[in-house]
Amino acid sequence: MKAFFKKYLWDFIVLALVGVASLSVVLFMVLKPKTAGVSAGIFRQATLVMNVDLTKEAEERTISVEGTHSPMEITVKKGAIRISHSDCPSHYCVDQGWISNAGERVDCVYNGVYILIYGQGKEDFKI
Amino acid sequence: MKKWNVFKISFMAILLAMTIGLGYAESFIPSFWIPGIKPGFVNIIILVVLVEFGWFEALIIDLGKVFLVSLLRGSLFQMGFFMSLSGSMLSLLVMVLLYYFVKKLHLFSISAVGAVFHSLGQILVAVIYMETAGVFYYLPFLVLISICTGILMGLASQKIISTQVIEKLKRKHGLVNE
């Protein structure tokens, strides 16, 4: 057993450092208290395209947004938003589904479009 | 080992075909929870080539895989291609440096570190294109999963190398200087 640890000492050190660092950040992100989003910002390459007030949405509606490659459809309902249609090859953005909590985001790298959800009093917050 | 004989050329072609098959199959894996998570089976072959043949051969296989899988998927010179290229090259660079200059690490941890840098390279391209550092949001999740898949793929390639099948083939076809 001792020989085993001695043989793989540096592997353990490297993997443990990277693993613990990423695990702690992931745990922080997963476990931090979630607050419902108030508004959502739709961006295309750092330019704000549209601000949606999620509290005021009565029924589901679809917004068309021009991406860098193709037009996209974004669906909004009360308290949640999602990318519902995109012509990107991977469709990761569509697969991600509804997002509703403050701080969450959905990205479509192919179209350069991303949606951020803001919490209370963070309407001007922008990454 | 600079010699390129018929055996080596055809063997490389077989390995390249395998990486294309694996890479293309992987591209159909849907995303759940975190976008873009893949097991990275291609890395098994890249590592085996790196150990058995050298960095130049690994580079050829890696570049060939990136170009041909993109060509198959019809996404050549689009975002997915550049993300894949950046991830593969960064990961290969780190793995080559670790393999040749850091003798203390075993193959499975070299593979894990390579997988982490693969994620990093992809995220960097996304950050530059999207013009927002917010894409780094996904990095911790990707790094955590990269370590796990990287270790698994590294262990698989260690297993392949330890069977000495390729070693015997190289010996048979005069690629080992004795």
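A quick note: this is a predicted structure, and the numbers were derived from the prediction, not measured. In the text below, chain A, chain B and the rest are named by the order of the sequence lines, each starting its count at 1.
Taking each heavy atom of Pro35(B) and Tyr92(A) in turn, the nearest pair found is CB-CB, 3.6 Å. For the residue pair Arg105(A) and Gly134(B), the shortest heavy atom distance occurs at NH1-CA, 3.2 Å. When every heavy atom of Cys108(A) is checked against every heavy atom of Met130(B), the shortest pair comes out as O-SD, 3.7 Å. The shortest non-hydrogen separation linking Pro89(A) to Arg73(B) is CB-NH2, 3.5 Å.
Clustering ILVMFWY residues whenever any of their side-chain heavy atoms sit less than 4.5 angstrom apart, transitively, puts Phe7(B) in the very cluster that holds Ile60(B). One hydrophobic cluster, built from ILVMFWY side chains closer than 4.5 Å, cannot hold both Trp98(A) and Leu54(A); they sit in different ones. Tracing side-chain contacts under 4.5 Å through hydrophobic residues (I, L, V, M, F, W, Y), one reaches Leu59(B) starting from Phe81(B); they form part of the same cluster. No chain of hydrophobic side-chain contacts below 4.5 Å, direct or via other Ile, Leu, Val, Met, Phe, Trp or Tyr residues, connects Val127(B) to Val113(A). One hydrophobic cluster, built from ILVMFWY side chains closer than 4.5 Å, holds both Ile151(B) and Met153(B).
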Cut-off 3.5 Å, no hydrogens considered: what does the side-chain donor-acceptor table look like for residues 6-25 of chain A, sequence neighbours left out?
from	atom 1	to	atom 2	distance (Å)
Asp11(A)	OD1	His106(B)	N	2.7
Asp11(A)	OD1	Ser109(B)	OG	2.1
Asp11(A)	OD2	His106(B)	ND1	2.7
Ser22(A)	OG	Val18(A)	O	3.1
Ser22(A)	OG	Gly19(A)	O	3.1
Ser24(A)	OG	Val20(A)	O	2.8
Ser24(A)	OG	Ala21(A)	O	2.8

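Between Val109(A) and Phe82(B), every side-chain heavy-atom pair lies at or beyond the 4.5 Å cut-off.
The parts of Leu105(B) that come within reach of chain A are both its backbone and its side chain, each placing non-hydrogen atoms under 4.5 angstrom from that chain. Interface remark: Val113(B) contributes side-chain atoms only to the contact with chain A (heavy atom separation under 4.5 Å). Contact of Leu142(B) with chain A is not made at all, since no heavy-atom distance falls under 4.5 Å. Phe28(B) does not touch chain A: none of its heavy atoms, backbone or side chain, sits under 4.5 Å away. For a residue to count as touching a neighbouring chain, one of its non-hydrogen atoms must lie under 4.5 Å from one of that chain's; by this rule Gln45(A) touches chain B with backbone and side chain alike.
Interatomic distance, CZ of Phe43(A) versus OG1 of Thr132(B), reported as 8.0 Å (0.5 Å rounding). Atom-to-atom distance recorded for Tyr110(A):OH and Met83(B):CE is 13.5 Å, nearest 0.5 angstrom.
The local environment of NZ in Lys34(A) is crowded, with over 12 non-hydrogen atoms from other residues, nucleotides or ligands closer than 6.0 Å.
Residues that satisfy the ring-ring contact (aromatic ring centres under 6.0 Å, His included) test with His85(A), not counting sequence neighbours, are absent from this structure. A search for ring-ring contact (aromatic ring centres under 6.0 Å, His included) contacts involving Phe136(B) returns nothing, not counting sequence neighbours.
Listed in order of number, the residues of residues 57-69 of chain A that approach chain B to under 4.5 Å between heavy atoms are Thr68(A), His69(A).
Residues Asp107(A) and Tyr137(B) have side chains that never bring a donor and an acceptor to within less than 3.5 angstrom of each other.
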